[in-house]
Amino acid sequence: MYILTSIFIFLAVLGGPSVVLAQTINGRVTMEFDLSAHGAGEQARLWIPYPISNKNQLITNIRINGTFDASAVYSERVFENPMLYARWDAKKTRRTLSMSFDVSRQELRRPDLSGPETAWDPADYAIYLRPTSLGPIDGEVKKLAEEITLGKSTVLAKAKAIYDWACENTYRNPATKGCGAGNVCKLLQDPGGKCADISSLYVALARAAGVPAREILGLRQGKKSGQDITTWQHCWAEFYLPGHGWLPVDPADVRKMMLVEKLALGDAKTNVYRDYFWGGFDGYRIKLSEGKDLTLNPPQHGPAVNYLMYPFAQIGTTTLDWLEPATFKYTITYEQL
């Protein structure tokens, strides 16, 4: 299990905790798929989120092998998420694919956020201000967002108020399957879930308050070579702050650490986590994609995909359950570099 505390070194300084963090985490991720047991005589198709470099992560040495009849890297049209697509024709009996890549991930510490906000045009961030199929921004969501941000006039103040509310009013529910669906209406009734739930709730509330926000879908790096990270997916949120760009917030990891370490809201270590995940994150996460309600490329059969954090596969027109890797038959392993 991913335990964030292993990179936290707490020191008693002036009666309170401070934190020292690893700066960069380096590793190799290998994803292996075998669809041979599924749908003999039917076409098999597989889409895998394809990692790319950005200012906080460097992706190198991508290697792809398999028995597929065709493969390519495409991107979808709304968020431009890259994905590896592979196809096995109906007559193919052995259907395997492996993809590995090296990652160097940089920890991000919150920058200085003082100073006035610069002018910005909401039209430039329209896709980050609109509702999603599971994340409405009107009705009860709008009402709650207005209550949380009452008296707040800046993007920063609104984003922080919603972050504080999420840290204080949600909870991690270990019984949630996978990372959760992020069904905001259900979460208003019971704000318990996992990372995709809490992050999606934050995004919906932020958008309802006029703050551009988005879900970031990814995977956690392991802690030792040979570690199975098949179920280590993680979702966090980002909001757009004029003059600073996109900043991360992760109330879900705050609530996870409170559960793991049996912390109360007022505990000193809870306050450290809350401060750290407000505008910063550790180097153990890998960004894979962003956004909701995706039409893959080539298009999948059926409705939009909620998010592309897990691999997605269809045998004929039937979608495999990506939350059941044992029956889907895929593994993700990690090596330290």
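Keep in mind it's a predicted model, so treat the numbers as computed, not measured. Values below: every heavy atom of this structure, side chains too, minus hydrogens, waters and symmetry copies.
- A cation-pi arrangement is found for Arg214 relative to Tyr128, the charged atom lying closer than 6.0 Å to the ring centre and inside a 45° cone about the ring normal.
- With 3.5 Å as the limit, one finds no donor-acceptor pair spanning the side chains of Tyr85 and Tyr74.
- The main-chain N or O of Val155 is found under 3.5 Å from a side-chain atom of Glu117 such that the two form a donor-acceptor pair.
- Of all the heavy atoms in Leu259 and Pro174, the pair that sits closest is CD2-CG, 3.6 Å.
- Closest non-hydrogen pair, Pro131 versus Pro136, comes out as CB-CA, 4.0 Å.
- Between Phe68 and Trp88, the two ring planes are perpendicular [angle over 60°; tilted spans 30° to 60°].
- Taking each heavy atom of Arg87 and Arg45 in turn, the nearest pair found is CG-CG, 4.1 Å.
- Side-chain polar atoms of Glu215 and Ser199 form no donor-acceptor pair below 3.5 angstrom.
- Using a 4.0 Å cut-off between charged side-chain N and carboxylate O, Arg255 and Asp253 make no salt bridge.
- Contact check on Arg28 versus Asp102 returns a salt bridge, with a Lys/Arg side-chain nitrogen under 4.0 Å from an Asp/Glu carboxylate oxygen.
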Trp322 and Phe312: ring-ring contact (aromatic ring centres under 6.0 Å, His included), yes or no, with the steps? CA-CA 6 Å; Trp322 56 85; Phe312 185 90; 5.8 Å; yes
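- Taking 4.5 Å as the limit, every side-chain heavy atom of Gln336 sits out of range of all side-chain heavy atoms of Asn26.
- Here Asp321 pairs with Lys177 in a salt bridge; the nearest charged N to carboxylate O distance falls below 4.0 Å.
- Minimum heavy-atom separation, Ala145 to Leu205: CB-O, 3.5 Å.
- In this structure, Lys158 is not positioned above the aromatic face of Tyr163 in the sense of NZ or CZ being under 6.0 Å from the six-membered ring centre and within 45° of the axis.
- Residue Glu238 comes nearest to Trp246 through the heavy atom pair OE1-CB, 3.7 Å, listed as atom of the first residue, atom of the second, then distance.
- At distances below 3.5 Å, at least one donor-acceptor pair connects side-chain atoms of Gln233 with backbone N or O atoms of Thr230.
- Taking CD from Glu107 and CZ from Arg285, the interatomic distance works out to 10.5 Å, rounded to the nearest 0.5 Å.
- The distance from atom CD of Glu168 to atom CD1 of Ile148, rounded to the nearest 0.5 Å, is 10.0 Å.
- Between atom CG of residue Leu247 and atom CZ of residue Phe281 there is a gap of 10.0 Å, rounded to the nearest 0.5 Å.
- Remark: side-chain polar atoms of Lys194 are paired, donor with acceptor, to backbone N or O of Thr176 under 3.5 angstrom.
- Judged purely by distance below 3.5 Å, without hydrogens or angles, the side chains of Glu76 and Asn297 never pair a donor atom with an acceptor atom.
- The CG atom of Asp197 lies 9.0 Å from the SG atom of Cys179; values are rounded to the nearest 0.5 Å.
- Between the Asn81 side chain and the Pro49 main chain, no donor and acceptor come within less than 3.5 Å of each other.
- Here the rule is salt bridge (Lys or Arg N to Asp or Glu O under 4.0 Å) with Asp275, and of Lys160, Arg110, Lys269 only Arg110 fits it.
- For the residue pair Ser36 / Arg94, no side-chain donor-acceptor distance below 3.5 Å is found, with atom types taken as modelled.
- No side-chain donor-acceptor contact under 3.5 Å links Arg95 to the backbone of Thr67.
- Taking OG from Ser100 and CD from Glu32, the interatomic distance works out to 9.0 Å, rounded to the nearest 0.5 Å.
- Judged by distance alone, the side chains of Asp293 and Ser133 do bring a donor and an acceptor atom under 3.5 Å apart.
- When atom types are taken as modelled, the side chain of Gln57 and the backbone of Ser53 share no donor-acceptor pair closer than 3.5 angstrom.
- Expressed to the nearest 0.5 Å, how far CG of Leu219 lies from CE of Met309 amounts to 9.5 Å.
- With a 6.0 Å radius and a threshold of 12 heavy atoms from other residues, nucleotides or ligands, Glu80 has its CD atom at or below the threshold.
- If you check the side chains of Tyr202 and Asp250, you find no donor sitting under 3.5 Å from an acceptor.
- A donor-acceptor pair is defined here as one N or O able to donate and one able to accept, closer than 3.5 Å; no such pair exists between the side chain of Glu146 and the backbone of Thr149.
- A donor-acceptor contact shorter than 3.5 Å is absent between the side chain of Trp278 and the backbone of Pro251.
- The main-chain N or O of Trp165 is found under 3.5 Å from a side-chain atom of Asn169 such that the two form a donor-acceptor pair.
- Using a 3.5 Å distance cut-off with no hydrogens or angles, the side chains of Thr96 and Asp34 do not pair a donor with an acceptor.
- Minimum heavy-atom separation, Tyr273 to Met257: CE1-CB, 3.7 Å.
- With respect to Lys142 and Glu140, no salt bridge is recorded, no charged nitrogen being found less than 4.0 Å from a carboxylate O.
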